[in-house]
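Let me begin by presenting the structure, written as structure tokens, before commenting on it.
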Amino acid sequence: MRKKQPIYNALFYVFVAISCAPLIMLVVLTFSTFWPYPSLLPEVVSLDYYAHVFIENRQTLMAVVTSILLAFFVAFVTLIIAIPAGKAIACYSFKGKGFVKMLVLVPLIVPSVAVIMGIHVTMIRIGLTGTFFGVALIQTLFAMPYAIRIMTNVFEIVGKGLEQQASVLGAGTATIFIKVTLPRIMPGILSAGVLSFTVSIAQYITTFIIGGGRIITVTMLIIPHIQSREHHIAAVYSILLIVSAMISLYLTEKIVRRYYDMDNVVYV
């Protein structure tokens with residue numbers, strides 16, 4: 001077994017390097033002003049593309065703020081729906097349960113454009129197109145299947161045993177949820193929230209159609225540069241999107257873990 005350990009370590013680092021290679025290439029692309037083929041490294045580097053994104057383009061800061069606010073709002077709304085939905089599917093029996101489980105996955109099965117266009121007509125009639133709330137709703141729709149699936153699996157693992165014992169001992173519904181259920185499902189909540197955040201912040205077609213060009217996110221700024229083959233500027237926006245998402249998720253997880261003292265929670 002000890003002889004195989006170096007092989008496993010080597011394979012691990014090889015896969016890590018392969019996974020990080022596109023990101024490294026993206027970073028290098030943001031600095032390269034002149035990178036002729038077949039040179040392995042750029043011959044001329046500068047910060048011109050960063051200056052264009054952060055200084056010349058006044059939409060950048062607002063796009064970052066909008067993207068992060070949308071992602072947090074979508075994650076919050078998704079979790080509010082996914083937690084009780086996941087518990088209902090995992091812990092209770094009711095007619096049509098199989099159909100409900102399949103219905104939850106419809107946004108992932110049906111082509112997204114078909115789903116959006118059908119909802120777009122309704123949103124036009126009720127005046128939600130071109131609004132922050134309208135874009136958040138459509139993004140929530142596509143984040144929901146992932147979150148509900150995660151929470152369903154979590155509740156299937158956790159079960160109802162401790163909740164029933166707490167109820168027998170006289171604990172109220174709110175106390176049971178806060179003191180018993182919430183600490184045990186918190187890892188699932190974090191996973192579902194992070195995934196919902198990621199789904200939201202990466203959305204383009206939903207924001208483009210429902211937002212109608214009024215709601216500008218970072219992805220809305222990236223795509224035009226890709227279409228016009230301005231790959232260096234698109235790379236800067238991509239790095240900005242990645243860094244913004246990573247910082248937001250890191251801070252969120254830190255706050256949640258500190259509030260619930262997750263490091264000292266003992267799971268049964």
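Since we're looking at a predicted model, the values are computed, not measured.
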Between Ile239 and Leu23, does the side chain to side chain contact (heavy atoms under 4.5 Å, CB included) criterion hold? Intermediate values first, please.
CA-CA 8 Å; Ile239 294 296; Leu23 183 59; 4.1 Å; yes

Test side chain to side chain contact (heavy atoms under 4.5 Å, CB included) on Val113 and Met117; report intermediate values, then the result.
CA-CA 6 Å; Val113 175; Met117 292 308 299; 4.0 Å; yes

Test Val121 against Arg125 for side chain to side chain contact (heavy atoms under 4.5 Å, CB included), laying out the working first.
CA-CA 7 Å; Val121 175; Arg125 294 180 177 178; 4.0 Å; yes

For Ser244 and Ile68, what are the C-alpha separation, side-chain angles and deciding distance, and is it a side chain to side chain contact (heavy atoms under 4.5 Å, CB included)?
CA-CA 8 Å; Ser244 300; Ile68 294 176; 4.1 Å; yes

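By the neighbour-count criterion of 12 heavy atoms within 6.0 Å, atom CZ of Phe208 is sparsely surrounded, having that number or fewer from other residues, nucleotides or ligands. The neighbour count for Phe15 CZ, taken as heavy atoms of other residues, nucleotides or ligands under 6.0 Å away, does not exceed 12. More than 12 heavy-atom neighbours from other residues, nucleotides or ligands sit within 6.0 angstrom of CZ on Phe54.
Distance check: Asn57 CG to His225 NE2 gives 6.5 Å after rounding to the nearest 0.5 Å. Note that the CD1 atom of Ile210 and the CZ atom of Phe132 stand 14.5 Å from one another [nearest 0.5 Å]. A distance of 13.0 Å separates CD1 of Ile222 from CD of Glu230, quoted to the nearest 0.5 Å. With rounding to the nearest 0.5 angstrom, the CZ atom of Phe133 is 8.5 Å from the OG1 atom of Thr140. Put simply, CD1 on Ile201 and CG on Leu70 are 9.0 Å apart, with the number rounded to the nearest 0.5 Å. In this structure, CG in Leu221 is found 8.0 Å from OG1 in Thr219, a value given to the nearest 0.5 Å.
Looking at heavy atoms from C-beta onward, Ile148 lies out of side-chain contact with Thr78 at the 4.5 angstrom threshold. Using a 4.5 Å heavy-atom threshold, the side chains of Val236 and His52 count as separate. Residues Thr60 and Tyr237 are in side-chain contact: their nearest non-hydrogen atoms beyond the backbone lie under 4.5 Å apart. Between Val104 and Arg149 there is no side-chain heavy-atom pair separated by less than 4.5 Å. Met62 places none of its side-chain heavy atoms less than 4.5 Å from the side chain of Ile216. Inter-residue side-chain proximity for Leu26 and Ile242 is flagged as met; some heavy-atom pair is nearer than 4.5 Å. Using a 4.5 Å heavy-atom cutoff, the side chains of Phe73 and Val135 are not in contact. Using a 4.5 Å heavy-atom cutoff, the side chains of Ile189 and Ile83 are in contact.
Put simply, Ile126 and Ile124 are part of two different groups of oily side chains (I, L, V, M, F, W, Y) that touch within less than 4.5 Å, one to the next. By the rule that hydrophobic residues join a cluster once side-chain heavy atoms approach within less than 4.5 Å of another member, Ile157 and Ile150 end up as members of separate clusters.
A side-chain contact (heavy atoms from CB on, under 4.5 Å) with Tyr50 is found for exactly one of Ile233, Thr30, Ile55, Leu240, namely Thr30.
The nearest pair of heavy atoms linking Val74 to Ala143 is CG1-CB, 4.1 Å. In this structure, Ile215 and Met220 approach most closely via the heavy-atom pair O-CG, 4.1 Å. For the residue pair Phe155 and Gly86, the shortest heavy atom distance occurs at CD1-C, 3.8 Å. Taking both residues in full, the closest heavy atoms of Thr131 and Gly134 are given as OG1-N, 3.0 Å, listed atom of the first, atom of the second, then distance. Of all non-hydrogen atoms in Leu29 and His231, the two that sit nearest each other are CD2-O, 3.8 Å. What you find for Pro84 and Leu79 is that their closest heavy atoms are CD-O, 4.3 Å.
When only modelled atom types and interatomic distance are considered, Tyr146 and Ser196 share no side-chain donor-acceptor pair under 3.5 Å. No hydrogens or angles considered: nothing links the side chains of Tyr49 and Ser32 as a donor-acceptor pair under 3.5 Å. Between the side chains of Gln139 and Thr207, a donor-acceptor pair is found at a separation under 3.5 Å.
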